[in-house]
There are 2 protein chains.
Amino acid sequence: MSQYETHSISPRSHFSDVVLRRLSGLATLSEREAALVLAMGSQRQVHNSGAELFGEGHLRGRPKVLLSGWACRCRVLPDGRRQILTFTLPGDAIGLCRRPSPAALSTAVALTKVVTADATTLAEAAFEHDGQYEGLASAVSAAGALDDANLLDQIVRLGRHTAHERMAHLFLELRWRLAAVGLASESRFPLPLTQEVLADALGLSIVHVNRTMQQLRRDGLIETRSGYVEILQPQTMAAICDFSPPQVGRPLERDPRAADPLRPIA
Amino acid sequence: MSQYETHSISPRSHFSDVVLRRLSGLATLSEREAALVLAMGSQRQVHNSGAELFGEGHLRGRPKVLLSGWACRCRVLPDGRRQILTFTLPGDAIGLCRRPSPAALSTAVALTKVVTADATTLAEAAFEHDGQYEGLASAVSAAGALDDANLLDQIVRLGRHTAHERMAHLFLELRWRLAAVGLASESRFPLPLTQEVLADALGLSIVHVNRTMQQLRRDGLIETRSGYVEILQPQTMAAICDFSPPQVGRPLERDPRAADPLRPIA
DNA sequence: CGTCTCCTTGATGATTCTCAATGCGCGTGG
DNA sequence: CCACGCGCATTGAGAATCATCAAGGAGACG
């Protein structure tokens, strides 16, 4: 689980190149903007697994970006049932929103050991009105659109997908999102989650997650090994669950290598 | 179903006071802002039930507000399964978002006969940077936050609620949202939807929606009559499904009468 | 070596779906 | 006026999916 961190791009130095990679995949950043993103890494904070990163109903904290580790946004019902709304992956923002809403709509929780950076300067730059950070503005905006798209995908998964489709779809989403920050190869990605966490994300019981996963293995669609998932037949799987990566941002003017983030990992 | 429209506030004149009522419940509007909102009513458009109001993947149309009738945002799977993401009620916006994303993330469809107005001027005013429409800006922002909150509620419903809880929770949400625009009394609200539409929203089959609804009736929680739902025991129902109205906006400085939109209907 | 967490498995039951048929209201055309 | 069709609500029966309960196993760690 926690060996995940040792696989990120630069194990011991700043992780903030993950954020840079994420944002520059969404818009072209000037050197000044890139420098601003990298400079964020100085205000780091480490949280243990289970720590609350952003509280529901509390006054808004400062926005953060996730440098390493996995987190989620979730809601807990009075009787203990939990629903994970979205996973937050390295390079993703937490509480970065131009709305000055005083209440976070959900609780952000660390699912592994997590490193965050303060994103206040990023937020201020991206939301500047004078156009001096155009690239950042459109990158942050596109990241927000992707977050929205992921929420809608989650609704469709929970409402109209079978257990198999849900799991296949989620795995493909995670592969795609991780690939966008260089953390997944074409077929392999880290999955530092217990089956209980997967259950809470997919709206299933732990036992049924276990059996569904076995079925995917028996069908030759995936393999799992030491905290990693290998997708053996991406096309078949995408066909089964009707997965397609969200089309957000600038479809045409974008760097062709960035069009399929699953290729140029090298 | 379509007699719903005859119950809105001003049956034959402009419906745009619905939008004004909605936005002024979220922030204090100046007279100039109120006039701007009312002026939107001039560019009206009528759509029949089933019409597509905003297409997925298409280039962004102009933003609209719903003056009367019900619509929804939905996704359709290749095999015909449909998931309704959210309901769009009178006073709600469609495609009103400061993100210049070229692709709508879902399809907006009219569920009844619907009247919309062009909201381009509203969008431009609310997103002005020079602070001359502060009230509009914060009202539109709060409306967006409420939309987000409804999406998250939908995820929890689909992921972790039983069929009964889902239906009870959705009914309470609809009552609350309709009350905010003066279209629901404390216990009664219009529900111009077929059971098939409810099924697509709740992630259930038509048959099971039917049986769940009967159960709610037998339990003495609701009554249904000619396109209306009457909630007989709001407290019990809210306790069953853990419903609480979203806390968004300015909790303190707000007009106390607006705090509980279910009271001051008169 | 004991304990803890997590994964796995079996058995049983509840929830929910599918298929199929019936009824009911309503408009339409004969 | 009445038969007919159509959309929608309702009901029954049977099956599939998924949850719950309970127990065992494998690995990590002190």
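Protein chains get the first letters and strands the later ones, always in sequence-line order, with residue 1 at the start of each. Please read all numbers here as calculations on a predicted model, not as lab measurements.
The distance between atom CZ of A:Arg81 and atom C1' of C:dT15, rounded to the nearest whole Å, is 13 Å. B:His161 has its NE2 atom 15 Å from the P atom of D:dA19, to the nearest Å. Spacing between atom NE2 of A:His208 and atom P of D:dC21 amounts to 16 Å, rounded to whole angstrom units. Between the CZ atom of A:Arg225 and the C1' atom of D:dG27 there is a distance of 18 Å, given to the nearest Å. When the P atom of D:dT17 is taken as reference, atom CG of A:Leu202 falls 17 Å away, rounded to whole Å. Distance, A:Arg211 CZ to D:dT17 P: 14 Å, rounded to whole Å. Computed from coordinates, the B:Ile206 CD1 to C:dA20 P distance equals 15 Å when rounded to whole Å. One interatomic measurement links the two molecules: CE of A:Met213 to P of C:dC6, which rounds to 14 Å at whole-angstrom precision.
Side-chain contact check for A:Gln214 and A:Asn210: at least one donor-acceptor pair (N or O, by modelled atom type) lies under 3.5 Å. Under the 3.5 Å distance criterion, with hydrogens and angles disregarded, a donor-acceptor pair is assigned to the side chains of B:Thr224 and B:Arg217.
Here A:Arg217 lies in heavy-atom contact (under 4.0 Å) with sugar-phosphate atoms only. When heavy atoms are screened at a 4.0 angstrom cut-off, A:Leu204 is found touching the sugar-phosphate backbone but no base atom.
Listed pair A:Gln214 / C:dT9 meets the phosphate criterion, a side-chain N or O lying under 4.0 Å from OP1 or OP2. In this model, the phosphate group of C:dT8 is approached by a side-chain N or O of A:Gln195 to a distance below 4.0 Å at OP1 or OP2. Here A:Asn210 does not reach the OP1 or OP2 of C:dC7: none of its side-chain N or O atoms lies under 4.0 Å away.
Figure legend: cation-pi geometry between A:Arg188 and A:Tyr228, with NZ or CZ positioned under 6.0 Å from the six-membered ring centre and within 45° of its axis.
Taking B:Val156 as the reference, A:Arg75, A:Leu77, A:Gln83, A:Leu85, B:His161 meet the side chain to side chain contact (heavy atoms under 4.5 Å, CB included) condition, with sequence neighbours excluded.
Between C:dC6, C:dT18, C:dG10, one nucleotide has an atom nearer to the side chain of A:Thr194 than all others, and that is C:dC6. Out of C:dT16, D:dC8, C:dC7, the shortest distance to the side chain of B:Thr162 is found at C:dT16.
In this structure the side chain of A:Thr116 never reaches within 4.5 angstrom of the side chain of A:Leu67, judged on heavy atoms.
Two residues, A:Arg160 and A:Glu196, neighbour DNA chain C, and the one matched to the more 5' nucleotide by heavy-atom proximity is A:Glu196.
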